[in-house]
Amino acid sequence: MTLPRFWIAVSVAASVLSMRAATVKDREGAVRGDRAMMENDARWIYNDIDRGFAEAKKSGKPVLVVLRCVPCLACVGLDAEVLKEAALQPLLDQFVCVRVINANALDLRKFQFDYDLSFSTLIFNADGTLYGRYGSWTHQADPEARETIGYRRALEAALAVHRGYPANRAALAGKQGGPTPFATPVEIPTLAVKYGRELNWGGNVMQSCVHCHQIGEAYRASFRDQGAKVPLELIYPMPAPETIGLTLAPDAVARVTMVAPHSIAAAAGVRVGDEFVSCHGEPLISIADFAWVLHRGPESGPLSAVVRRGAKEVPLTLQLPAKWRFKSDISKRVGTWSMRAMAFGGMTLVDLDDAARKERGLAKDAMALHVKGLGQYGKHAAAKKAGFEKDDLIVALDGGSARIAEGELIGRLLQEHKAGETADVTVLRGGRRLALKLPMQ
């Protein structure tokens with residue numbers, strides 16, 4: 001099986017999470033309540049993407065598709081404001097608005113976005129050409145965050161793209177998805193045995209719903225089951241701008257608020273205050289669009305960009321070094337939960353900071369991964385069964401002892417080890433050094 005560089009996993013994660021996404025207590029009731037409120041709404045087409053595109057062809061408006069995991073608490077504030085905020089209504093009037101609450105029958109060739117988010121928006125021309133994506137990690141981290149200025153800026157930018165269409169069609173080519181091994185989530189083997197295309201409104205709706213994060217989990221499992229490497233784009237989906245040393249303002253399309261010293265962005269000459277107009281030739285409408293460019297970026301090599309600096313547009317080149325994706329922070333992604341089972345036997349590992357290292361007499365450049373969490377059930381209990389304990393300190397793995405973050409180690413192990421193999425690990429426990437075998441799953 002081959003997989004183009006667009007796959008992303010998971011639907012919900014943020015600082016409000018511990019291991020799994022925080023959800024409402026009555027998830028079944030939340031989904032049914034959302035349907036009761038929205039299915040006859042004057043603005044929103046409920047869970048019917050085909051109808052949305054049909055309406056767009058009649059009206060000439062672009063299609064705005066909101067994908068919302070209703071039971072998840074993340075992004076609840078933004079979701080509420082998008083549905084009712086007065087300032088957004090004139091903008092929403094210019095779109096055919098569709099609300100989708102489950103992933104069962106999504107066209108995976110068309111809907112490729114950050115499944116880690118519980119609220120995302122994709123904007124299309126009626127002919128299916130994608131204009132851009134929106135997804136906010138600021139709102140994901142804070143369920144009460146209700147500010148919509150970033151969303152408004154994305155809609156305004158999408159309307160500008162729409163006004164330029166089809167003359168700008170060539171510039172939009174990189175935004176489109178590529179061919180996929182499966183047309184819909186319910187065709188992926190591990191999902192096909194449990195789910196159908198439609199929600200079971202006559203029974204338990206929640207049990208019939210494919211959540212977005214399950215798509216990525218199913219793909220990773222399929223690679224592992226075939227004894228193949230998990231592609232890096234599945235391990236490090238939609239890399240945040242911080243991966244290359246950039247922080248972008250949440251209230252703008254892509255305005256730089258910080259450039260990390262000695263980073264890829266700094267080497268390219270990016271400055272605070274720059275506004276990215278395009279990247280890899282693609283017009284941007286949001287931070288999510290910037291992440292998409294990185295997602296589809298090369299494993300190493302140049303990535304062109306244009307920034308607005310004052311009254312000028314300045315071309316820049318971001319030089320991506322080999323293994324740059326490994327620096328992507330995936331610690332708060334829900335998809336990482338299942339990858340911890342694959343690579344760590346269910347452990348959650350945290351790299352000790354410099355102060356803790358000094359206290360323990362450990363070098364700054366040495367491996368020192370604290371076993372912060374230890375799974376107790378199923379595949380997440382594999383490390384426990386292999387003899388690992390909470391608060392162990394991993395100081396060597398497969399002969400390597402250089403400092404490494406949890407996310408980078410996950411990528412390395414999933415690339416280098418097949419399911420059923422083991423890795424040689426040295427841990428410190430109560431002043432003793434122990435040799436253990438870490439099972440790969």
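Side chains are part of it too, since the values below use all heavy atoms of this structure and drop only hydrogens, waters and symmetry mates.
- Checking each of Lys372, Arg403, Lys364 against Asp351 for a salt bridge (Lys or Arg N to Asp or Glu O under 4.0 Å) leaves exactly one that passes, namely Arg403.
- In this structure, Asp114 CG and Leu117 CG are separated by 4.5 Å, a value rounded to the nearest 0.5 Å.
- Judged by distance alone, the side chain of Glu55 and the main-chain N or O of Arg51 form no donor-acceptor pair under 3.5 Å.
- Residues Tyr165 and Tyr131 place their aromatic rings such that the two centres sit under 6.0 Å apart.
- Using a 4.5 Å cut-off on side-chain heavy atoms (C-beta onward), Asn125 and Pro62 make no contact.
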Going through the checks in order, is the salt bridge (charged side-chain N to carboxylate O under 4.0 Å, His left out) test met by Arg99 and Asp79?
-> CA-CA 11 Å; Arg99 182 174 177 83; Asp79 184 44; 2.8 Å; yes
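- Under the 3.5 Å distance criterion, the side-chain polar atoms of Trp292 are left unmatched by any main-chain donor or acceptor of Ile287.
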Taking it one step at a time, do Glu81 and Arg146 satisfy salt bridge (charged side-chain N to carboxylate O under 4.0 Å, His left out)?
-> CA-CA 6 Å; Glu81 293 305 298; Arg146 309 182 79 87; 2.9 Å; yes
Could you please spell out the steps behind the side chain to side chain contact (heavy atoms under 4.5 Å, CB included) verdict for Val98 and Val66?
-> CA-CA 6 Å; Val98 182; Val66 166; over 6 Å; no
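- Salt bridge Glu28/Arg32: present, at least one basic N to carboxylate O contact under 4.0 Å.
- A salt bridge links Arg340 with Glu406: the closest approach of a Lys/Arg side-chain nitrogen to an acidic carboxylate oxygen falls below 4.0 angstrom.
- Here the CD1-CD1 distance, from Ile410 to Ile235, works out to 8.5 Å after rounding to the nearest 0.5 Å.
- Contact check for Phe111 versus Phe124: side-chain heavy atoms found under the 4.5 Å cut-off.
- Between the side chain of His139 and the backbone N or O of Glu147 there is at least one donor-acceptor pair closer than 3.5 Å.
- Between the side chain of Asp353 and the main chain of Ala356, a donor-acceptor pair closer than 3.5 Å is present.
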Intermediate values then yes/no, side chain to side chain contact (heavy atoms under 4.5 Å, CB included), Leu409 and Leu369 = CA-CA 10 Å; Leu409 185 57; Leu369 292 166; 3.6 Å; yes
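- Sequence neighbours left out, the pairs with a member in residues 193-202 that pass side chain to side chain donor-acceptor pair (under 3.5 Å) are Tyr195-Gln214.
- At a threshold of 4.0 Å, the pair Glu299-Arg325 counts as salt-bridged, since one of the basic side-chain nitrogens sits closer than that to a carboxylate oxygen.
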Candidate pair Val259 and Leu246, rule side chain to side chain contact (heavy atoms under 4.5 Å, CB included), full reasoning = CA-CA 5 Å; Val259 180; Leu246 284 177; 4.2 Å; yes
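- No donor-acceptor pair closer than 3.5 Å links the side chain of Asp274 to the backbone N or O of Val270.
- Heavy-atom minimum distance, Leu318 versus Ala268: CD2-CB, 3.6 Å.
- The two residues Arg68 and Cys75 have their closest heavy-atom pair at NH1-CB, 3.9 Å.
- With a 4.5 Å cut-off on side-chain heavy atoms, Pro179 and Arg109 do not count as touching.
- Atom OG1 of Thr148 sits about 9.0 Å away from atom CG of Leu155, to the nearest 0.5 Å.
- Taking the six-membered ring where the residue is Trp, Tyr219 and Phe223 present tilted rings, their angle falling between 30° and 60°.
- With values rounded to the nearest 0.5 angstrom, Ser118 atom OG is found 9.0 Å from Leu73 atom CG.
- Side-chain contact between Leu67 and Leu122: present, with at least one pair of heavy atoms (C-beta onward) separated by less than 4.5 Å.
- Of the inter-residue distances, the one linking Met347 atom CE with Lys384 atom NZ reads 13.5 Å to the nearest 0.5 angstrom.
- A salt bridge does not link Asp251 with Arg153: every distance from a Lys NZ or Arg NE/NH1/NH2 to an Asp or Glu carboxylate oxygen is 4.0 Å or more.
- Ring geometry, Tyr236 versus Phe326: the interplanar angle falls from 30° to 60°, so the pair is classed tilted.
- Scanning both residues, Ser300 and Trp324, for their nearest heavy atoms gives N-NE1, 4.5 Å.
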Go through the steps to decide whether Asp127 and Arg169 satisfy the test salt bridge (charged side-chain N to carboxylate O under 4.0 Å, His left out), and finish with yes or no.
-> CA-CA 11 Å; Asp127 67 8; Arg169 186 196 298 267; 3.8 Å; yes
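- Checked options Phe290, Tyr151, Phe113; the residue passing with Tyr134 is Tyr151 (criterion: ring pair (Phe, Tyr, Trp, His ring centres under 6.0 Å)).
- Using a distance-only test at 3.5 Å, with no hydrogens or angles considered, a donor-acceptor pair links the side chain of Arg357 to the main chain of Leu352.
- The main-chain N or O of Leu434 is never found under 3.5 Å from a side-chain atom of Asp392 such that the two would form a donor-acceptor pair.
- Two residues are said to be in side-chain contact when any heavy atoms from C-beta on lie closer than 4.5 Å; Leu413 and Met440 meet this criterion.
- Between the Asn47 side chain and the Ile101 main chain, a donor and an acceptor come within less than 3.5 Å of each other.
- In this structure, Asn104 and Thr184 have side chains that are not in contact, with every pair of non-hydrogen atoms separated by 4.5 Å or more.
- Between Pro143 and Val76, the shortest heavy-atom contact is O-CG1, 3.1 Å.
- More than 12 heavy-atom neighbours from other residues, nucleotides or ligands sit within 6.0 angstrom of NZ on Lys110.
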Under the ring pair (Phe, Tyr, Trp, His ring centres under 6.0 Å) rule, what do His380 and Trp337 come out as? Steps first, then yes or no, please.
-> CA-CA 9 Å; His380 288 273; Trp337 174 250; 4.2 Å; yes
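- For the pair Met339/Leu414, a side-chain contact is recorded, criterion being any heavy-atom separation below 4.5 Å from C-beta on.
- A pairwise comparison of heavy atoms in Leu172 and Pro283 identifies CD2-CG, 3.8 Å as the closest pair.
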Just do the side chain to side chain donor-acceptor pair (under 3.5 Å) check on Arg133 and Ser120 with the steps written out, would you?
-> CA-CA 7 Å; Arg133 301 162 173 82; Ser120 291; over 6 Å; no
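- Going from atom NE2 of His295 over to atom OG1 of Thr243 covers 12.5 Å, rounded to the nearest 0.5 Å.
- With a 4.5 Å cut-off on side-chain heavy atoms, Val395 and Ser401 do not count as touching.
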List the steps and the verdict of side chain to side chain contact (heavy atoms under 4.5 Å, CB included) for Ile244 and Leu320.
-> CA-CA 8 Å; Ile244 62 168; Leu320 303 178; 4.0 Å; yes
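- Between Cys72 and Cys69 the shortest heavy-atom distance is SG-SG, 2.9 Å.
- Summarising the local packing, NE2 of His417 is surrounded by more than 12 heavy atoms from other residues, nucleotides or ligands at distances under 6.0 Å.
- The main-chain N or O of Val161 is found under 3.5 Å from a side-chain atom of Asn168 such that the two form a donor-acceptor pair.
- Lys437 forms no cation-pi arrangement with Phe388, by the criterion of a distance under 6.0 Å to the ring centre and an angle within 45° of the ring axis.
- With hydrogens and angles disregarded, a donor-acceptor distance shorter than 3.5 Å links the side chain of Gln441 to the backbone of Ala341.
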